[in-house]
Amino acid sequence: EIKQGGTLTVPIINTGFVENFNPYTSGGLFEGVLYEPLMVFNNMTGNVEYRLAESAEYSQDLKTITVKLRDGLSWSDGKALTAKDVAFSFTMTKATPAFDQKAIWTTGNLQSVTATDAKTIVFKLNNADSTFIWGLPKYHILPEHIWSKVADKDLPTFTNPNPVGSGPMTDIKYLKPQQMQLCRNANYYLPNRPYIDCITFRSYNDNSQVQPALMKGEIDWGSNFIADIDNTFVATDPKNNHYWYPANDAIHLYVNTKEAPFDDLNVRKALSMALDREEIVDIAAYGYPTANFNAAGIAELYGPYISKDVTAKYKDITKFNPEKAKQLLDAAGLKDLDGDGFRDMTDGKRVEFDINVVNGWTDWIQVVQMVTEYYEEIGIKANVKTVDWAVYDSGLKDSDYKMSINWSMVATNPIEAYQAYFSTSQIGKSWHAGHGVHSPEIDALIDSFGLTNDAQKQQAILDELQEFTAANLPFIPLFSNATWFQYSTAKLVGWPSKENPYVQPVWYDGGKRNLIINNLHLK
Amino acid sequence: MDTTNNPEVVLSVRNMIKDFPIGQSSSKNSYMRAVNDVSFDLRKGEALAIVGESGSGKSTGARVLTRIYEKTGGDIIFKGKPLQQYIDDHGTLEYARQVQMIFQDPFGSLNPVHSIYHHIARPLLIHKRADKKVIDKLVYELLELVGLFPAVETAEKYPHELSGGQRQRVAIARALAVDPEVILADEPISMLDVSVRLGILNLMADLKDKHGISFMYITHDIATARYFAEKTAVMYVGHMVEWGNSDKVTQTPQHPYTQLLLSAVPEAGQSGRRELGAKKGEIPMWKPDTKGCPFSARCPRALDCCNESFPEVTQIADDHFIRCHNI
Amino acid sequence: MSFLLRRLSFYFTAFLIAISFNFMLPRMMPGDPIDALFAAAQGKMDPAQMDAVREMYGFVDGNVFEQYLSYMQSVFTLDLGPSVLMFPIDVTTVVGMSLPWTMFLALGSLIVALILGVTIGTYSSYRREGFFGQFVPPFLAFISNFPYIVTALLLFYFFGLQLELLPLAYTYDPAIDPGFTLEFIGSVAKHAVLPMGSMILVGIATWVFNMRNAMINVLGEDYVTMAEAKGLSSFRVMYRYAGRNAILPVATAIAMAIGFSFAGSIMTEVVFNYQGLGNILLKGIMARDYPLIQAILLILVSAVLTANFVADLLYVWLDPRISK
Amino acid sequence: MKEALLEINNLCVDYVSANGVARAVNNVSLTIAPGETLGIAGESGCGKSTLAFAITRLHKAPALISEGEIIYNGRDVLKMSDKELRDFRWNDVSIVFQSAMNSLNPVITIGEQLTDVIVAHKRISFKQAAVKAKELLGIVGIHGDRLKSFPHQLSGGMRQRVVIAIALALEPKLIIMDEPTTALDVVVEREILNELYDLKEKFGFSILFISHDLSLMGEIADRIGVMYAGNLIEIGDAKTVFSKPSHPYTKGLIASFPTIHGPKERLYGIPGDPVNLLRLPTGCNFQDRCADCMDICKKEDPLLAELNVDYHAACHKL
Amino acid sequence: MNNSITSDANAPVPGHKSEFKKKCHSAWIKTKAFFHGNPPAIIGVSLMTVILLGALFAPVLTTHNPEKRVARPHVAPNAEHVLGSTRNGRDVYSQVLHGARKSLTVALFAGIIAMTIAIAVGVTSGYLGGKIDEWMNFVTNVFLVFPQLPLLIVLAAFLGQVGSMVITVLLGVTSWPWGARVIRSQTMAIRNKEFIISAEVMGESKIRIILVEILPNLISIVFGGFLGTVIYAMGAEAGLGILGLGDATEVSWGSMLYWAQVSSSLYTGAWWEMLVPAIALALTGGALALINMSIDQVSNPKLKTGPHMKLWKKMNRETMKRRGLL
Ligand SMILES: Nc1ncnc2c1ncn2[C@@H]1O[C@H](COP(=O)(O)OP(=O)(O)OP(=O)(O)O)[C@@H](O)[C@H]1O
Ligand SMILES: Nc1ncnc2c1ncn2[C@@H]1O[C@H](COP(=O)(O)OP(=O)(O)OP(=O)(O)O)[C@@H](O)[C@H]1O
Ligand SMILES: [Mg+2]
Ligand SMILES: [Mg+2]
């Protein structure tokens, strides 16, 4: 027996709420709340959770996607939600490139979106691409009868007053700079859903303020780093205060293999072996993330896709083994020539490099600080270099770094991560491609992924990519970030948890939170 | 009165004018004339006293002479040469050496952070009067000359460790250090104890008589003017109204202002109310285009013409001059 | 009158210089808002989209001089464009939302600190030899040297978190509707206690010392002794004869203190999540929200200039000796 | 001699400083009769102002009235309570400060400075006080419109008169005037003196007149006291002090003033410098500067001895 | 006259050999007098001495490398780590000593830069007057009314990660106007003093007048202003540090506070990580403020207090008793 009612309170880190309900410019505040996605790709279960859509099918040549909507959809104002609305929503972003989240128009692969009948939308692509569909949930489905009234040029500044949506919460109860409340959509397409009545957003400056709010029970759902959570949060109410930190994106040290001595694979291996990942996770990150011993460039987040063989084959590289690291370095000709405790190149110049990290990203700074300490043990002089975001950003893109800490992509499928890692077309554009390991074969391999819809073939491609990554080691794996997720069962239950991992509990992902909001109910 | 070429005359001033700007605008009337049409000669070894009430332009005159202020008009002739020419020929520093000034305030005229030694030694060094090596001796001699004993100890002291009279002596020694021809003493005793005043006056008198230094002695105490100076000039609102031999000016004053001044001086034994021979009135602010005699508003003997023009100089006795329409 | 005119022209020139500087600032520095937006999105944005977004926010290069002209125009028309951080809301709206709170916090704490400081300063100089005069000023000197943030954090921790006496965040309880109700005013007051308290603690010593020094100078003046000789009550002597004059040098410092008070409020607002200018300024800086930063600096400069001007007027009014 | 209005007995005032205790007024005894003008002369720093301050008990730390009594109409000022003292001040004794021009508060109108003393002591309204204030200004020759002026808007002489007007406000029996005209021009000084003569005739108060200008003193005072280094060294009627001074210091002092009319001859003044109060010699304070110094002068402090009826001096030679 | 002065000018004279000694002696006397009966001075100077010594001898006094992980995170104070360890496992005691070096260096140099500019501008403007003064005064006022700290925050943020060097310079070049104004007005007061005019009349050069005649008279306000700037700079450095605008990898009090804050040390009960640098800052600031206060007491004669006040109180009580008023 599930009770209806109750309010969910969540913290939002921003500068206060303003009257802007344009889903593209309001910082993702309303995705999955005011606006229902077509579907959600659930990486935790590997399932596709269809929401507004009932199904989505690729044609045989992978050049057409046919999306069918559910029956009886309607907008919160009672008007019917049809395929025309969906087609409009996608076409609209063509005129407004800033809304074109996955650049489906700007990069030119999408030919057209058409509503063939009231329930069917057909996407026509220029080239076969089985990964295209993953981008669809990023586009918001908007009511044509409102949005078509806005001139194209005004769309970016359109604040969408009195919003009409299809999500679970569409009724704006109030909006004050520090707090706003949305309540249930009377016309929601799922019966009895959502169970809860309202959702309250509270504005906070940063994590350090969310922490006391959690401790005082002012909020139900935290998505923030909380220091010493067992003592500060769980201990205040052990029965109701919980957290679950499943793995998220993988953090690596990116190495610029174009520069000596990093051009030597053995040196990279040594730098990897020198690190005690467990300890780093434990100290620098309170033990919340999971150490990553997979040299293949992906980690726990993509669990089902990880090749066990590759992991096993290269496991030595990620094992903490300073002695072996020293041997490798000796063998590579990096020896301490002047007796200062640090290794020198063969020409006598000390091996010394900076590890770039963004100023203010303290968890990473701590990680890098620990890394430098480990490197010092094996005689390598590395310095923490905290830089402004702009510098960090252009450094990664322009390959202007020796070593830089960075995160890998969070995507529906690891192929997107590999695309970013190795596609030659990504050099100078993405942060992940500046390391210098590329080859035409790999490019072709990556491209071939989108040309098939066969899961086994796709896995084979992924295996090959994993092997390639581990063998070349352009990234020194460190750990998988934790998905920060604290929740209180004092009022509401139905949370995803270790026991019931029905979705990765990411607040900032509209689809995932949509699933959770639909699942929460009074105790 | 043309004594410009008289070798005895060291410094001679002719029709000196000094205007000060008032306010921001620069129209003619936004100036005040602090010194107007002042002329006098200063002879070697002779003292000229300038008396007059507060704000009558006494200090301003002296400051123009020491080139603290630029003159607005008139001529200053030093040692037979116009001042500018003298400076062109001999340099600013030389003129600064020849014409020294003693300030009114013995407490303000010595730098509290420097020892007495510094004060005396600096002028010697600036004007290269002595070598660094022998400078000590000169300093002590000077201190002894002005009666500061024991010189060595005094030299090491700081101004705050000296009494007012001693400080004023230091100021005099400092002026003497550069061997000047002229000393402009701006109310040198007004801030001193009654009992030590006379000491300073006597010291200056000695310097004048024995060393031939010329003094311009500024004061508003007419009795000390008579005591110290051979000549006295009485100023009123920037104008010289009566001047000449000190005794004549003080004993037989002819100008109504001088008479007023003298009648106001308190005197022991003359108890009781003493009527002043002048109307009450505020001292006017003199502007470049103000007409008439500055004293006319308060003058008991004022004539019609007193409001029209400034009176010409009249010699009323040997070495006794006056500017008044109604003699 | 010409005195005020001259001051006015000074303020105007200073203002022009300030806003020109304001214009140059972002253009001299590396990075732009879109980069920052990207950093915040942590890769969830497609790089291909960046230029489009840049255009949307209006960050297109152009002739610097033209930019300057349009900037100047925007300053004087108060039309500063949309904020990046809260796109597409106008900077003016954003600022208008937070300015009152910062004014309340900065001016309120300044006034309270001023009143307390002046009172303590007056008293401690009057009783200079006593316990109060000997110990209170040094003690305050000590207290006020805790950095703003530390004082704020400590208060936050003890009163907000540990004792749970006072709220931890916001300008008022979000459950209450703003209005001229007792409940709302009470809530505002309650929420202001900690942030203001920390600013007052930090600020008070300045006034104590300013006032004390001024008082001690004045207490030696003849007119104070004369007032005593006249047999006036010591209250009247202390306030009418000594305090009245001692406040003069303090008055000039007030204008200056407004700048400091605003600075202090930036720090405290961050700690107490107080919805003021400082809070959004810091966020704006992180996000490279130039329009917002420029607007806030503009306001700060205008506020300080206005305060100075008011202080000038105040001074003229307080001190009859200044030519009118 | 009439009943004394004010009687000072063995008054001592000390300044406690970091370098020691300086006795600025040492064992001074004197009386002032009703309607009398007593002049106190002596050079700078001899303790004249200190004495004046002591009479209304205005001294604050580090000054201390350590000995003696000040009897006003039979009451010892030094034993009054705060309230009594407040009543006594200005009602009975008012004081015109040295540099009186600076004793007006620059930011308060002279009107208020006049009225508040009246209101503080009398049960009348400010309005009535203002009428009285206008009257007072008229008495010292200033137009009543000036009530609204600030001190800086008046000339030095006018300010001096305002201060005198304030001193007269409650028609006290005794007015202490501490060098009331030193900073002024002779002409203005004369005007004020004339005013003072008139006022005294009208109100009949006593004056304690302090100055270092002996000529002025000789003119205004009935009796003159001369102080040196905190001691009263000579006191008697003005004429005698002037024409036949007894103490060598007084003699020197009188000889230090060049006159306008007398014969012009070299004067010698007093050699040496004033003594340092912190390092007083044993014996007579004047010994170092005295031409007739004897052995005893170096050992014993001379006491004030009555030389004549109502004429005292302190010197071993006498 | 001429002769009397220069006659035997060549004869050797006992020189001013003892002058140096005397100066030292009088300096000693002055120092003693400064401290005597001046508790703020005693407390302030001793505190500051301890802090300075700690900073100076930090390498000797510290027990651990401040930039190395030497303990488990957030170890409470114990024998091994007297002030506990940070979240990053660094020794707080060692950090606070080393941090003192950085923080004090920043503050001192910022103070020096600011005071140098302030003196240059203030004295020149005050002494020379006229147009130069007008311009300099204008510039000073413009700088003065600029809201400095917000500006600093913006600047620091725009410069990206700023090391202590940049902070020093930023603080230095933005903190001078107040000092310049005070110095200017003091200079204007001194300029019209007769000893300056008489030096001018004597023919002293302008530069000598500024340096030798005017400047020494400003020592106490210069020093006071310097201390004020140092206090301010220290607080500002810490403030910028806490806001994350400084270089978090340097060890300074600001960065210590920053780390203490980001690791929520107060919430997690690791008060030492936050309080130690905070108290260090407050103590240093307080000590400097006390010194400043005591300088005020010396330079302003009206403020003078001292042991004699005790004597006065005693004497006062006795006389009061004698008169029966107590
Ligand atoms: N630097 C100046 N700028 C403007 N006005 C000045 C300046 N110096 C003097 N004055 C004015 O010039 C007039 C004459 O002043 P001066 O100082 O020469 O008088 P004085 O006779 O020396 O008076 P005192 O006896 O008080 O020294 C006064 O009205 C004064 O206000
Ligand atoms: N506040 C003080 N602290 C210490 N000593 C003081 C203080 N005030 C005055 N004195 C000393 O007391 C002595 C007497 O001072 P007082 O002011 O009474 O002299 P005075 O006769 O009025 O001199 P003047 O003619 O200059 O007014 C002086 O030596 C002076 O230095
Ligand atoms: Mg003068
Ligand atoms: Mg006196």
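Lettering follows sequence order; numbering is per chain, from 1.
In terms of modelled atom types and a separation under 3.5 Å, the side chain of B:H114 and the main chain of E:V212 share a donor-acceptor contact.
The neighbour count for E:F109 CZ, taken as heavy atoms of other residues, nucleotides or ligands under 6.0 Å away, does not exceed 12. Counted within 6.0 Å of NZ on B:K81, heavy atoms from surrounding residues, nucleotides or ligands total more than 12; the atom is thus considered enclosed.
If you tally non-hydrogen atom pairs under 4.5 Å between each of B:R67, B:R122, B:R174, B:H127 and chain E, the highest count goes to B:R122. Counting heavy-atom pairs under 4.5 Å between each of B:L93, B:V99, B:L110 and chain E puts B:L110 at the top. Most heavy-atom pairs under 4.5 Å with chain E: of the set B:I102, B:N111, B:I126, B:I68, this distinction falls to B:N111. Top candidate by heavy-atom pairs under 4.5 Å with chain E, chosen from B:P159, B:S109, B:A175, B:G212, is B:S109. Most heavy-atom pairs under 4.5 Å with chain E, from the set B:T66, B:T92, B:V113: that is B:V113.
Within the 4.5 Å cutoff, no side-chain heavy atoms of B:P123 are placed close to those of E:E204.
Proximity to chain E is limited to the side chain of B:H118, based on heavy atoms less than 4.5 angstrom apart. Proximity to chain B (any heavy atom under 4.5 Å) is shown, for E:E213, by both the backbone and the side chain.
Once rounded to the nearest 0.5 Å, the distance linking CE of B:M101 with CD1 of E:I197 reads 8.0 Å.
Counting all heavy atoms, side chain and backbone alike, E:E194 lies closest to B:Q104 at OE1-N, 3.7 Å.
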